[in-house]
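Below is one structure, written out as structure tokens; comments come after it.
Side chains included, hydrogens not; waters and symmetry mates left out as well; all remaining heavy atoms used. What you see is a predicted model; the values in this text were computed from it and never measured. In listed order, ligands and their atoms are each counted from 1.
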Amino acid sequence: VIIMAPASLILLGATVILQVDLLPDKKFLLLPPVNFTIKAINLAQVLLRWEPNTDQEQRNVQLGYHVKINAPQEEDYETRNTESRRITILHKGFSASVQTVPWSDRSLQPSSWVSAELRAPPGSPGTSIVNLTCTTNTKANNYTHLRPYQVSLHCTWLVGKDAPEDTQYFLYYRYGSWTEECQEYSKDTLQRNIACWFPRTFINSKGRDLLAVYVNGSSEEAVIKPFDELFALHAIDRVNPPAKVTAEIEGTCLSIQWEKPVSAFPVHCFDYEVKIYNTRKGYFQTEKMTTNTFISVIDGISEYSIQVRAAVSSVCRAVGPPSEWSEPIYVGNDEQKPWTTWFLIAVMATICFILLIFSLICRRCHLWTKVFPPVPAPKSNIKEFFVTINYEKTGSNETETEVISYAEEAGSETLEDSVF
Ligand SMILES: *[C@@H]1O[C@H](CO)[C@@H](O)[C@H](O)[C@H]1NC(C)=O
Ligand SMILES: *[C@@H]1O[C@H](CO)[C@@H](O)[C@H](O)[C@H]1NC(C)=O
Ligand SMILES: *[C@@H]1O[C@H](CO)[C@@H](O)[C@H](O)[C@H]1NC(C)=O
Ligand SMILES: *[C@@H]1O[C@H](CO)[C@@H](O)[C@H](O)[C@H]1NC(C)=O
């Protein structure tokens, strides 16, 4: 017992010290926020809001909130505000949780979670639109100099497979704080809207906001389920092809020039691709570049078809699809070869004709003997040799046949020589 006493005292002392250390933390419990609500404030936009717990003991500790989005897509972030705006699709519903966390003193335990939910909008399954696709395009603005460019929006979709025949769909878009309803629909055979065209929108083609598109509907027979989708502008923008493409050939030098597409993006924001098609050799050559000029050395005896396309470079915005190819322009001359070929054929045909006439005349009046007197010495050319021999038997029918056949053969030889 005497030996144990000091040890117990030491233990007791340690416990007391531990308790002094732990006490403030154990007592200072963080309480979860109250009145957590989620509200749809706009198309594809929600406002999350909560209040600090009034029962929370006030200490000299800074508090913040940890927000966890559970649906439609998991996301996680911290904030010191008591509200938070999110851009998100809402047709599948939305749910989130929030807890109180110490902002700087990480040794404190976070509070428990509070959750809230925005239910998916009602509607019969299979009635909402499917395969929504949208594209934007920029045009020079004719009407006002305040906005030099106007952005159009075109969307198409398919009718839900279980949507009643009397279903009608309505499309809305939101960009930033601007929301507009479609005024120009295209319809299917049952007069149901299946596409929409906005010639002018509030979309800023250089902006980084997501474009929200929402399509709801009505029917006498069913509740039509709404649908919404978010689009990144760089992914749906149909960039215009380069403007004023020109090309010329000087000697063996092909030079191609063009201007930046009609676009709110400045000149330095474009990458280009040039496609040169050699119509004689039948092959394509494509070149990528960042300048507005392309110069190439060519063989000069072909026709070339030239097209250029553009894409907004990653310097200015996230990479999206390139523009369409510009209308092909043609330079060079491919007529030369067929023309010479036709000329040769004409010349040869004339020669043949002349020879034929000539031989016919010979047959009549034995002109042959006068024009080509006999050559006494034998020649290496066998045909000529035969002719010479045949000639000696002048007067017989045989000789005449031989002479004609020679003349024809000579003609065909000439032809063959000319062809090859
Ligand atoms: C929470 O909401 C209730 C009822 O809406 C209200 O009475 C209360 O004051 C709110 N609490 C806080 C901390 O704002
Ligand atoms: C619609 O989209 C689905 C998948 O998203 C695809 O399988 C289907 O082929 C598309 N239908 C049409 C007509 O494009
Ligand atoms: C301007 O408007 C006229 C007629 O309204 C049209 O022909 C022309 O193509 C427009 N120009 C541009 C650059 O949009
Ligand atoms: C579709 O949505 C718009 C905008 O939220 C709303 O004003 C309209 O009443 C809705 N139409 C139907 C048929 O639900």
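- Neither the backbone nor the side chain of Val130 comes within 4.0 Å of ligand 2, counting heavy atoms alone.
- Judged purely by atom type and a 3.5 angstrom limit, Asn240 uses its side chain to pair as donor or acceptor with the backbone of Val262.
- For the pair Arg86 and Phe94, the cation does not sit on the ring face, since its NZ or CZ is not both under 6.0 Å from the ring centre and inside 45° of the axis.
- Of all the heavy atoms in Ala96 and Ile38, the pair that sits closest is N-CD1, 3.9 Å.
- The aromatic rings of Tyr173 and Phe198 stand perpendicular to each other, their planes meeting at an angle above 60°, with 30° marking the opposite boundary.
- Between Phe202 and Trp178, the two ring planes are parallel [angle under 30°; tilted spans 30° to 60°].
- Disulfide check for Cys134/Cys155 passes, with the SG atoms closer than 2.5 Å.
- Using the six-membered ring where Trp is involved, Phe170 and Tyr185 have ring planes that are perpendicular, over 60° apart on the 30 and 60° scheme.
- Close contacts between ligand 4 and Asn216 involve ligand atoms 1 (C), 2 (O), 3 (C), 8 (C), 10 (C), 11 (N), 12 (C), 14 (O) [criterion: under 4.0 Å to a heavy atom].
- Using a 4.0 Å heavy-atom cutoff, Pro226 is absent from the residues neighbouring ligand 4.
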Distances for all N or O pairs of ligand 1 and the protein under 3.5 Å?
unit_1: ligand 1; atom_1: 2 (O); unit_2: Asn35; atom_2: OD1; d: 3.2
unit_1: ligand 1; atom_1: 2 (O); unit_2: Asn35; atom_2: ND2; d: 2.0
unit_1: ligand 1; atom_1: 11 (N); unit_2: Asn35; atom_2: ND2; d: 3.0

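- Against a heavy-atom cut-off of under 4.0 Å, Tyr214 is close to the following atoms of ligand 4: 2 (O).
- Rounding to the nearest 0.5 Å gives a distance of 6.0 Å between CG of Asp228 and CD1 of Ile89.
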